[in-house]
Amino acid sequence: MDIRSQFPILKREVYGKPLVYLDNTATSQTPRRVVDEIERMYFTTKANVHRGVFSISQEATDLQEQARERVRQFINARSTKEIIFTRGTTEAINLVAASYGDLMENGDEIILTVMEHHANIVPWQLLGRHKRIILRVVPIRPDGSLDMEAYRSLINERTRLVSVCHVSNVLGTVNPVKEIIAEAHSRSIPVMIDGAQAVSHMKVDVQDLDADFYAFSSHKMYGPTGVGVLYGRERLLNIMPPYQGGGEMIDHVTFERTTWAELPFKFEAGTPDFVGIAAYQKGIDFIEETTIDRIAAVEHDLLEYTSAKMVEIPGMHIYGSAPGKAAIISFNVEGVHHYDLGMLLDKQGVAVRTGHHCAQPLMHALGIEGCVRASFAVYNTRDEADRFLTALNRALPLLQ
Ligand code: PLP
């Protein structure tokens, strides 16, 4: 089936111009089958999960647990006990920071990188409210790749965790996470990977990577909003205290003492977004039917095609040129404010992101306040890339 026709939003117009949606890093669009499943669930199968003995509650529970198995297969985890549903990447990282962080002591160190999204910075800082945790930050090289020598030199006997993004949401850099993990593991240090920008663009196998934690969001992978995943190594999840308390996560409750449910439910307090989780399977179906290889090939072609034309524009500065980078082009043009450019592109139907992209420390390291970001997904086309370039060439003379 044709890819674009599965995404009704791609037919809409903005200011009378066909929408060219290039903010896929922030969220990807949703194929019809995902929304159909949400509707079907609400109209036929809305009953709380893991509670009722009645049929539709069991159907809803089965769908949620099928989705868990689907996610397990998708990232090749060993067991569904290692798949915890969250609200998104942000909540998954907060879970690890609060729960695994609970096991840390004053003076312990965590290694991050300068290219992290705020979601992989602030939760670790919050941990510092209760104890003295030191954050060590790996710098980048001029092309936006990670300075691996600096990384190695930051590891020491106080390092308790390394937490890095798989793919930078600004630079597009694909970090050598397998190497990062091997290095940390040689010193018995666990590694958390923020996979928000990776899972829908490349094959991720958590066993092959040997990751201890891996976080991602459904809405960035053609699925519904409000659903995310934390993969965690069973051995670590078992020693971690619960993150939130409430229904679903208990075994037995008295006012004196409560015991926890088995994994993964120990970390899933309250009613989950079981409708979203069921529909998330359809997003994964879309990725698997399209195939990651095809997605990667289309995105790579658009990245090469568009970047090659952009560098010809006088005053153009693109941030991030690491080999094998993802299809994310963050840029500024001399003398032009990123916000003004974003507005003029919008007037021509082109949706790009402007600002600091939730990566203020990276902006600081790059010496900028913000930039424009165009990012591609599998439904984008060369024709859309051309419309973006035309809009850019029309807007720039008005602003320079
Ligand atoms: N990490 C990275 C690298 C991201 O790009 C994003 C979102 O843009 C997040 C984390 C946060 O994801 P969410 O808002 O879905 O929790």
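Heavy-atom basis, side chains included; hydrogens, waters and symmetry copies ignored. This one's a predicted model, so the numbers in the text were calculated from it and none came from an experiment.
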Applying side-chain contact (heavy atoms from CB on, under 4.5 Å), run through M104 and L127 and close with a yes or a no.
-> CA-CA 9 Å; M104 292 185 190; L127 181 58; 4.1 Å; yes

Check: [Y] and [X] side chains under 4.5 Å, non-hydrogen atoms:
X    : Y    : result
L341 : L345 : yes
H201 : V174 : no
M240 : L103 : yes
E289 : R33  : yes
I277 : V49  : no
F267 : L95  : yes
I287 : I292 : yes
E384 : R4   : yes

Keeping to residues at least two apart or across chains, list the side chain to side chain donor-acceptor pair (under 3.5 Å) pairs with something in residues 237-249.
-> R51-E248

Donor-acceptor contact present, side-chain [X] to main-chain [Y], <3.5 Å:
X    : Y    : result
T86  : G88  : yes
E82  : R78  : yes
T225 : H219 : no
N106 : R132 : yes
K220 : T25  : yes
R353 : D23  : no
K266 : L237 : yes
D147 : E149 : yes
H357 : A359 : no
S99  : P242 : no

Do the side chains of M41 and I284 join up, straight or via other hydrophobic residues, at under 4.5 Å, putting them in one cluster?
-> no

Check whether L135 and L146 end up in the same hydrophobic cluster, where Ile, Leu, Val, Met, Phe, Trp and Tyr are linked by side-chain heavy atoms less than 4.5 Å apart.
-> no

Hey, could you give me the [atom1]/[atom2] distance between [X] and [Y], rounded to the nearest 0.5 Å?
X    : Y    : atom1 : atom2 : result
F388 : Q348 : CZ    : CD    : 11.0 Å
Y15  : K347 : OH    : NZ    : 3.5 Å
R373 : H356 : CZ    : NE2   : 11.0 Å
E234 : T80  : CD    : OG1   : 9.0 Å
I83  : E268 : CD1   : CD    : 10.0 Å
T290 : Y379 : OG1   : OH    : 11.5 Å

Heavy-atom pair with the smallest gap, counting every atom of [X] and [Y]:
X    : Y    : answer
P264 : I84  : CB-CG1, 4.0 Å
Q64  : F85  : O-CE1, 4.0 Å
F54  : A47  : CE1-CB, 3.6 Å
E299 : F376 : OE2-O, 3.6 Å
T89  : A215 : CG2-CB, 3.9 Å
L161 : V191 : CD1-N, 4.4 Å

Pairing of D108 and K131 as salt bridge, 4.0 angstrom limit | no

Evaluate whether atom [atom1] of [X] has more than 12 neighbouring non-hydrogen atoms of other residues, nucleotides or ligands under 6.0 angstrom away.
X    : atom1 : answer
K325 : NZ    : yes
H300 : NE2   : no
R40  : CZ    : yes
R87  : CZ    : no

Classify the ring geometry between Y319 and H317 as parallel (under 30°), tilted (30 to 60°) or perpendicular (over 60°).
-> tilted

Under 30°, 30 to 60°, or over 60°: which ring-plane class applies to F7 and F286, parallel, tilted or perpendicular?
-> perpendicular

Do F216 and H166 have ring centroids that are under 6.0 Å from one another?
-> no

Can you check salt bridge (Lys or Arg N to Asp or Glu O under 4.0 Å) on R387 and D383, steps first, answer last?
-> CA-CA 6 Å; R387 275 192 272 153; D383 177 52; 3.0 Å; yes

Quickly, which of T27, I9, V350, V14 forms a side-chain contact (heavy atoms from CB on, under 4.5 Å) with Y21? Name it, please.
-> T27

Evaluate the salt bridge (Lys or Arg N to Asp or Glu O under 4.0 Å) criterion for residues R158 and E109: first the C-alpha distance (whole Å), next the side-chain angles of each, then the deciding distance (0.1 Å), finally the verdict.
-> CA-CA 6 Å; R158 293 313 309 255; E109 298 188 4; over 6 Å; no

Partners of H364 by side-chain contact (heavy atoms from CB on, under 4.5 Å), sequence neighbours excluded?
-> none

Are M192 and D212 close enough, and set up right, to give a side-chain contact (heavy atoms from CB on, under 4.5 Å), and what steps lead you there?
-> CA-CA 6 Å; M192 154 128 227; D212 298 287; over 6 Å; no

Would D210 and R233 count as a salt bridge (Lys or Arg N to Asp or Glu O under 4.0 Å) if you check the C-alpha gap in whole Å, the side-chain angles of each, and the deciding distance to 0.1 Å?
-> CA-CA 9 Å; D210 209 15; R233 193 186 289 280; 2.9 Å; yes

Consider only side-chain N and O atoms of [X] and [Y], and report whether a donor and an acceptor are under 3.5 Å apart.
X    : Y    : answer
H338 : E369 : no
H117 : D194 : no
T173 : S145 : no
T61  : Q58  : no

List the steps, then state whether salt bridge (Lys or Arg N to Asp or Glu O under 4.0 Å) holds for R152 with E179.
-> CA-CA 11 Å; R152 284 183 203 98; E179 199 184 327; 3.0 Å; yes

Start with the C-alpha distance between V336 and V372, add both sets of side-chain angles, then the distance that settles side-chain contact (heavy atoms from CB on, under 4.5 Å), and finish with yes or no.
-> CA-CA 10 Å; V336 175; V372 185; over 6 Å; no

side-chain contact (heavy atoms from CB on, under 4.5 Å) evaluation trace for I181 with I193 = CA-CA 9 Å; I181 292 168; I193 305 292; 4.0 Å; yes

Axial cation check for F265 ring with K81, 6.0 Å and 45° limits | no

